[in-house]
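The structure appears right after this line, and notes come after that.
The sequence lines fix the lettering, A, B, ..., with proteins before strands; numbering per chain opens at 1. Every heavy atom of this structure was used, including side-chain atoms; hydrogens, water molecules and symmetry mates were not.
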Protein chains: 2
Amino acid sequence: MTDETRAWQTVLRSVETDLLAGVLKPGDRLPGERALATDLGVGRSSVREALRVLEVLGLIRTATGSGPSSGAIIVSTPRGGMSALLRLQVAASGFAVADIVDTRLVLETSIAATLARHAASGTAPKLTESESLLDAMEDASLSPAEFLALDARFHASLAEAAGNQVIVATMAGLRDSIESYVVAGVPTLPSWPDAVARLMREHRDILAAVRAGDADHARGVVHDHITGYYAETGLSGSAAAAASPHSAPTSTEGPIA
Amino acid sequence: MTDETRAWQTVLRSVETDLLAGVLKPGDRLPGERALATDLGVGRSSVREALRVLEVLGLIRTATGSGPSSGAIIVSTPRGGMSALLRLQVAASGFAVADIVDTRLVLETSIAATLARHAASGTAPKLTESESLLDAMEDASLSPAEFLALDARFHASLAEAAGNQVIVATMAGLRDSIESYVVAGVPTLPSWPDAVARLMREHRDILAAVRAGDADHARGVVHDHITGYYAETGLSGSAAAAASPHSAPTSTEGPIA
DNA sequence: CGACCGCTGTGGTCAGACCATAGTGGTCAG
DNA sequence: CTGACCACTATGGTCTGACCACAGCGGTCG
């Protein structure tokens with residue numbers, strides 16, 4: 001029982017403690033695989049398994065060759081890991097697409113409300129990137145896939161403007177995990193150009209509501225925007241419709257999230 | 001450049017496509033590592049790296065020995081993967097604790113509102129587990145760590161009652177990722193018994209508000225519950241307090257996230 | 001008939017080898 | 001002195017083979 005933990009977990013834990021202790025910081029290089037192996041008393045293959053996990057989780061980036069930019073370098077790019085996790089769990093039926101959509105709805109309405117509050121309090125976040133993305137989406141020659149890619153970036157830009165990196169990464173992962181379902185839903189739309197027109201109008205409305213500082217309205221617009229598209233493509237979650245701020249007009253505040 | 005993808009990614013992609021195609025389902029056994037290696041034309045070590053990723057992500061469970069329960073078996077336990085991802089990202093400074101707290105706030109208020117709506121619409125979810133957890137927490141002989149563990153389970157039980165597995169897993173991960181910070185904050189409290197008393201009162205209030213079907217009230221109670229504790233321990237997000245539906249009815253609202 | 005025991009297949013781990021890559025530093029021609 | 005070139009070296013990426021621990025399975029023997 002002295003050595004119950006598996007060898008690769010030893011490596012993982014070592015890196016984690018070093019991170020927490022400040023020995024390792026973003027930008028630092030990890031010791032080489034061979035050095036780690038001898039230092040920790042495990043085989044190089046076990047080290048590699050741990051590094052592979054760290055890489056997929058977005059904690060490190062590996063590069064061959066020599067020099068300062070080679071080896072395993074601590075980065076902090078949670079999006080890839082979040083995407084991989086959610087995507088694979090969806091594939092394995094661990095997550096239902098409807099739950100993904102509902103979660104995205106929760107987060108995105110929260111983002112809109114936050115941005116609106118920022119605008120109302122004077123500290124207006126710069127939404128120039130969101131704006132230029134919308135302009136780029138006006139191009140009628142875009143294919144559905146291209147349009148949806150810009151659409152995703154637009155929503156991501158809103159999340160980034162809100163400032164919560166956890167939500168940014170989660171949103172990106174949620175979106176990525178159901179990307180195939182989104183694009184697969186395009187042919188089921190009655191009319192793609194009509195859908196584009198509606199989406200663009202709603203995008204402009206979202207931006208306007210956010211800029212106006214009306215949190216509740218922004219929330220409602222975003223809610224309808226998301227549920228509208230997923231309803232058209234048959235992916236809507238059960239709870240989404242009931243959670244609409246519009247269907248609960250008596251409340252002053254509406255759902256925060 | 002035809003073979004840019006690394007060997008372990010080949011394995012990962014193979015498993016993913018098999019999952020999406022229905023060839024693999026939860027409960028199924030993966031082929032043995034040696035078989036996978038020869039089938040995919042890669043080395044066994046590469047297969048192991050991919051399996052390690054799948055294991056950490058909560059997609060498979062591995063066991064030695066022989067028989068039907070051995071080998072790599074498809075499971076869908078996203079919680080472990082979510083916890084590992086968030087915890088390591090926090091360690092690597094990829095995620096700020098304040099952002100974790102704020103995200104938890106967003107999700108948990110959403111959960112409370114959903115549960116209240118369920119109750120209001122007659123389809124009352126069974127909160128018997130939440131109730132019994134609260135009863136167990138009344139035990140005054142519990143240590144802070146034990147109490148907080150039950151506290152976490154209480155909140156998790158609410159999330160489960162709401163039914164969204166993505167939110168359940170995310171909530172669990174968020175909580176796990178900052179667990180060390182939560183317990184570290186206990187000594188900074190003015191009085192632990194007082195804190196327990198307040199938390200318990202708030203827990204009962206949450207349950208009552210949810211059962212009453214008042215979504216807005218439930219949201220507010222949960223909001224104050226979470227922000228209250230984190231504020232006492234100095235972990236509160238910058239915007240959390242300002243976003244309260246109670247404390248900011250007018251205009252001085254700050255950012256949520 | 002039942003307990004026992006070896007066989008076999010599984011993951012877990014290690015060691016060694018080889019390859020591709022990319023800096024690094026020295027060499028040599030101009 | 002300068003610059004292009006090239007061997008060297010350190011790095012990750014991969015494969016192979018080997019061995020171990022474990023757990024079920026099935027034949028064997030009392």
### Task
Give none if C/dG30 has no partner; otherwise give the nucleotide forming a Watson-Crick or G-U wobble pair with it, both distances under 3.5 Å.
D/dC1
### Query
What is the base-pairing partner of C/dG6, counting Watson-Crick and G-U wobble geometry with both distances under 3.5 Å?
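Looking at the geometry, C/dG6 pairs with D/dC25.
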Counting only side-chain N and O atoms of [X], is one of them less than 4.0 Å from OP1 or OP2 of [N]?
X	N	value
A/Ser70	D/dA10	no
B/Thr62	C/dG12	yes
B/Arg44	C/dG12	no
B/Ser69	D/dG24	yes
B/Arg48	C/dG11	no
B/Ser46	D/dC15	yes
A/Arg34	C/dG16	no

### Query
Between B/Arg6 and B/Glu49, does at least one N-O distance fall below 4.0 Å, as a salt bridge requires?
no
### Task
Could you tell me whether A/Glu179 and A/Arg104 have a side-chain N and a carboxylate O separated by less than 4.0 Å?
no
### Query
Is there a donor-acceptor pair closer than 3.5 Å between any side-chain N or O of A/Arg29 and the backbone N or O of A/Ala72?
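No.
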So [X], base contact, sugar-phosphate only, or nothing? Heavy-atom distance under 4.0 Å.
X	answer
B/Gly65	base
B/Ala63	sugar-phosphate
B/Arg61	nothing

### Query
Relative to the 5' end of DNA chain C, which residue comes earlier, A/Gly67 or B/Ala72, by the nucleotide with the nearest heavy atom?
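It is B/Ala72 whose nearest nucleotide is closer to the 5' end.
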Whole angstrom is fine here: how far is it from [atom1] in [X] over to [atom2] in [N]?
X	N	atom1	atom2	value
B/Glu33	D/dG17	CD	C1'	15 Å
A/Glu49	D/dG13	CD	P	14 Å
B/Glu4	D/dG13	CD	P	13 Å
B/Leu40	D/dC15	CG	C1'	15 Å
B/Arg52	D/dT14	CZ	C1'	17 Å

Among the nucleotides [options], which one has an atom lying closest to any side-chain atom of [X]?
X	options	answer
B/Pro68	D/dC25, C/dT13, D/dG13	D/dC25
B/Ser45	C/dC14, D/dG24, D/dT16	D/dT16
A/Thr64	C/dT21, C/dG23, C/dC14	C/dT21

### Query
So A/Arg52 and A/Glu55, salt bridge (charged side-chain N to carboxylate O under 4.0 Å, His left out) or not? Walk me through it.
CA-CA 5 Å; A/Arg52 199 59 52 233; A/Glu55 181 177 351; 2.4 Å; yes
### Message
As a test of understanding, state which of A/Leu36, A/Asp18, A/Val47 forms a side chain to side chain contact (heavy atoms under 4.5 Å, CB included) with A/Leu30.
### Response
A/Leu36
#### Entry: Heavy-atom neighbours of B/Arg79 CZ exceed 12 at 6.0 Å
no
